[in-house]
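Numbered from 1 within each chain, the chains take letters A, B, ... in sequence-line order.
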Amino acid sequence: MKLIEPTNFIEEEINKDLESGKAKEVITRFPPEPSGYWHIGHCKAIMIDFETAKKYGGYTYLRMDDTNPSKEDGDFADSYLADLKWLGYTPKKLIYASEAYFDGIYEIAENLIKSGDAYIDEQSAEELSKSRGTLTTPGKESPYRNRPIEESLKIFRDMKAGKYPEGKVVLRAKIDMAHPNMNMRDPVIYRVQHMSHYRTGNKWCIYPMYDFAHPLEDALEGVTFSLCDMSFEDHRPLYNWVLEKGWKKKYAPRQIEFAKLNLENVLLGKRYLRRLVDSKLVLGWDDPRFLTIVGMKRRGYTAQGIKDFLKSAGVTKADSVIPLSALYYHIRNDLNNVATRAMVVLDPLKVVITNYDKDSEEIEIENNPNNENAGSHKALFSKEIYIEKEDFSLNPPPKYNRLVEGGIVRLKGAYIIKCNKVVLKDNGEIDHLECEYLPNTKSGQDNSGIKCKGTIHFVSAKNCFKVTIRDFKNLIKEQYVDPMKALEDGVSLEELLTPNSMTESVAYAENFLKTAKVEDKFQFMRKGYYCLDKDSTKDSLIFNSTISLKDSFKVK
RNA sequence: UGGGGUGUCGCCAAGCGGUAAGGCAUUGGACUCUGACUCCAACAUCCGUAGGUUCGAAUCCUACCACCCCAGCCA
């Protein structure tokens, strides 16, 4: 297998093993417990697993780490496969650990008992916990620790046969009750659980613990590098112990840990998201304010943008917290390449072109100025149009180069207009503007020589329809940079939430948008990126605000 | 007070004994029929602290400090 130029410490380690012959190839696995939705943190791990293997010409398995029937509430395989596909990854194979490896793991457990490396303990859960000792004091050995091997073997088989209730007996690895690493103090490796498993039904009533199952699953399926987050670093000695005692083959998988992703002002904890979903405070697991994969997809983020961001964040062992602005940068960057430009007026102000006598005329709008192949579409210019309220000012701040009384501005794709009169309502608010267009200034055929410092977008009254716009604020208030910590400090979930983080408004969109399909991505020129939401119906379109355009205009 | 990890610009992050890459953010400015994009420029004499080794250290050694993780029959 080829060596590559390493781009992070994991690849450096892999290169070493490949060179020394400790490993022959790079086969990885992504091992979710099928119990919930994936979020951006999972994306990081997925990307590391898939990209690393791919670089070395290896491959990656998707393995359901389903060793606990009490927590796994259904078959998430389809949704996981869909998420992976959306991210652009295809697993070599989908594997259910429960179906593929439980027999093998059980057999190895019996071997461990026979070799004196595991024993049946009959202490209660509390006794077990108490005798484990503390971080600074050693634990006490169980009175059952040195029982005859035959006795342990018989009980273990009876456990499997369903002769024991839950909690009565467990199988423990015999390691060292005084070990400074708590994980090595005779960890439980099998427990009784009388319940139906979503895949294996009632075939089993004993289930292996993660620490015992994981290394063996890796070994059994031929995984060579088992990449996980730093919280498993303390488990590595146990991982290796299990392989040494239970696997005993020349080639064994190697666990390497990396730091997981942390984002400022983002809450990813499953139980909290579930509370928000259950209490209907959000639209669902795919709420556009969530950083779940389905949420980001619905929001209008692109897989490419997410991956670009993750790539830029790097792979290290150091704790880090990345600001959302870094994510936004990459989302905007990718959207800029793929989003179709359209004109939508979010907050309309009517403008009458007093000297325009024709019914209307076509104008052309480029679909994407950064991509020549994107083509263009037609829009209309007519006597009555709408512009953005904020694009006209009676008291313009310095450097305001939009429309002012008596001033000119270019209408994107159409003519330069001059504002002659501001018509007010009885209450003093602006009702509409009366402007004149300068006939020889049409886009593409302007020979007037007139220089115009501002260009604004607009929509023709003859070429627009109403759409609903959904705007989102960050779910978590800005002051709670680390919402998880705030929660631990006793702040309530409700207190963390930004009030009215989703708002709806009505906008005037050019007719071109009538053909939009769900998830289609647009740039509403000069405003931001939007995508069509799945809640849309044929005559009521809803656009999610994915993210605004950067705006460097500052009023000083 | 045990064990395991981590400390390089506001935030990420290269660097692996030869004299501090890059990105985000920020600030100027150019360009622009999107105040977007793009483009230029500025932004760590210093690498947790203190000593030491060396002609030479962010990189080696020693001590200290800070932060994170671990006491589920969860994963």
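Comparing the P positions of B:rU1 and B:rA42 gives a spacing of 48 Å, expressed to the nearest Å. Spacing between B:rA75 and B:rG22 at atom P, rounded to whole Å, works out to 46 Å. Across the C1' atoms, B:rA57 and B:rG51 are found 14 Å apart, a figure rounded to whole Å. When the P atom is compared between B:rA63 and B:rG3, the two are found 14 Å apart, to the nearest whole Å. Comparing the same atom, C1', in B:rA14 and in B:rG23 gives a spacing of 11 Å after rounding to whole Å. Distance check on atom P: B:rG17 versus B:rC12 gives 26 Å, rounded to whole Å. B:rC9 and B:rU45 have their C1' atoms separated by 13 Å, given to the nearest Å.
Contact between the side-chain N/O atoms of A:Ser325 and the OP1/OP2 oxygens of B:rC11 is not found at any separation under 4.0 Å. Remark: A:Arg191 is in phosphate contact with B:rA75, judged by side-chain N or O atoms under 4.0 Å from OP1 or OP2. Between A:Arg526 and the phosphate of B:rG35, there is a side-chain N or O to OP1/OP2 separation shorter than 4.0 Å. Phosphate contact (OP1/OP2 of B:rA75, side-chain N/O of A:Thr67, threshold under 4.0 Å): present.
Side-chain atoms of A:Arg236 and base atoms of B:rG4 include no donor and acceptor less than 3.5 Å apart.
Checking B:rG35, B:rG3, B:rC74 against every side-chain atom of A:Phe553, the shortest atom distance belongs to B:rG35. Checked against B:rG72, B:rG2, B:rC37, the side chain of A:Asn336 finds its nearest nucleotide in B:rC37. When distances are taken from the side chain of A:Asn183 to each of B:rG35, B:rC73, B:rC70, the shortest belongs to B:rC70. Picking from B:rC11, B:rA71, B:rU34 the nucleotide with the shortest atom distance to the side chain of A:Arg132 gives B:rA71. Comparing B:rG35, B:rC73, B:rU1 against the side chain of A:Thr136 picks out B:rU1 as the nearest. Across B:rC68, B:rA13, B:rC73, the shortest atom-to-atom separation from the side chain of A:Asp319 is found for B:rC68. Among the nucleotides B:rC37, B:rG35, B:rG15, the one closest to any side-chain atom of A:Lys550 is B:rC37. The side chain of A:Lys554 lies closest to B:rU27, out of B:rU27, B:rC73, B:rG3. Counting only heavy atoms from C-beta on, A:Met182 has its side chain closest to B:rA71 among B:rC74, B:rA71, B:rA36. For A:Lys317, the side-chain atoms get nearest to B:rU6 when compared with the rest of B:rC73, B:rA25, B:rU6.
A straight line from CG of A:Asn8 to C1' of B:rC12 spans 14 Å, rounded to a whole angstrom.
For the pair A:Ser124 and A:Asn181, both in contact range of RNA chain B, the more 5′-proximal nearest nucleotide belongs to A:Asn181. Checking A:Leu327 against A:Val321, the closest nucleotide of RNA chain B that is more toward the 5' end is the one next to A:Val321.
Using a 4.0 Å cut-off between charged side-chain N and carboxylate O, A:Glu388 and A:Arg526 make no salt bridge. Here A:Lys270 does not pair with A:Glu33 in a salt bridge; the nearest charged N to carboxylate O distance is not below 4.0 Å. In this structure, A:Arg157 pairs ionically with A:Glu110, as a charged nitrogen and a carboxylate oxygen lie closer than 4.0 Å.
Heavy atoms of A:Arg341 sit under 4.0 angstrom from at least one base atom. At a threshold of 4.0 angstrom between heavy atoms, the contacts of A:Glu12 include nucleobase atoms, whether or not backbone atoms are also involved. Within the nucleic acid shown, A:Ile416 has no heavy atom closer than 4.0 Å to any nucleic acid atom. In this structure, A:Arg185 reaches neither bases nor backbone, as no heavy-atom distance under 4.0 Å exists between it and the strands shown.
Looking at A:Tyr207, A:Tyr198, A:Phe76 one by one, the single match for side chain to side chain contact (heavy atoms under 4.5 Å, CB included) with A:Asp66 turns out to be A:Tyr198. Of the options A:Lys174, A:Arg145, A:His179, a side-chain hydrogen bond (donor to acceptor under 3.5 Å, both in side chains) to A:Asp186 is made by A:Arg145 and by none of the others.
Separation of the A:Tyr529 and A:Phe522 ring centroids does not fall under the 6.0 Å cut-off.
B:rA25 is unpaired under the Watson-Crick or G-U wobble criterion, no partner having all donor-acceptor distances under 3.5 Å. Across all strands shown, B:rC73 forms no Watson-Crick or G-U wobble pair with both key distances under 3.5 Å. Nucleotide B:rU49 has B:rA63 as its partner under the Watson-Crick or G-U criteria, with both atom distances under 3.5 Å. If you check B:rA36 for Watson-Crick or wobble pairing at under 3.5 angstrom, you find it has no partner at all.
Here B:rG72 is in the syn range [glycosidic angle within 90° of 0].
Looking at A:Glu217 and A:Tyr61, their side chains never bring a donor and an acceptor atom within 3.5 Å of each other.
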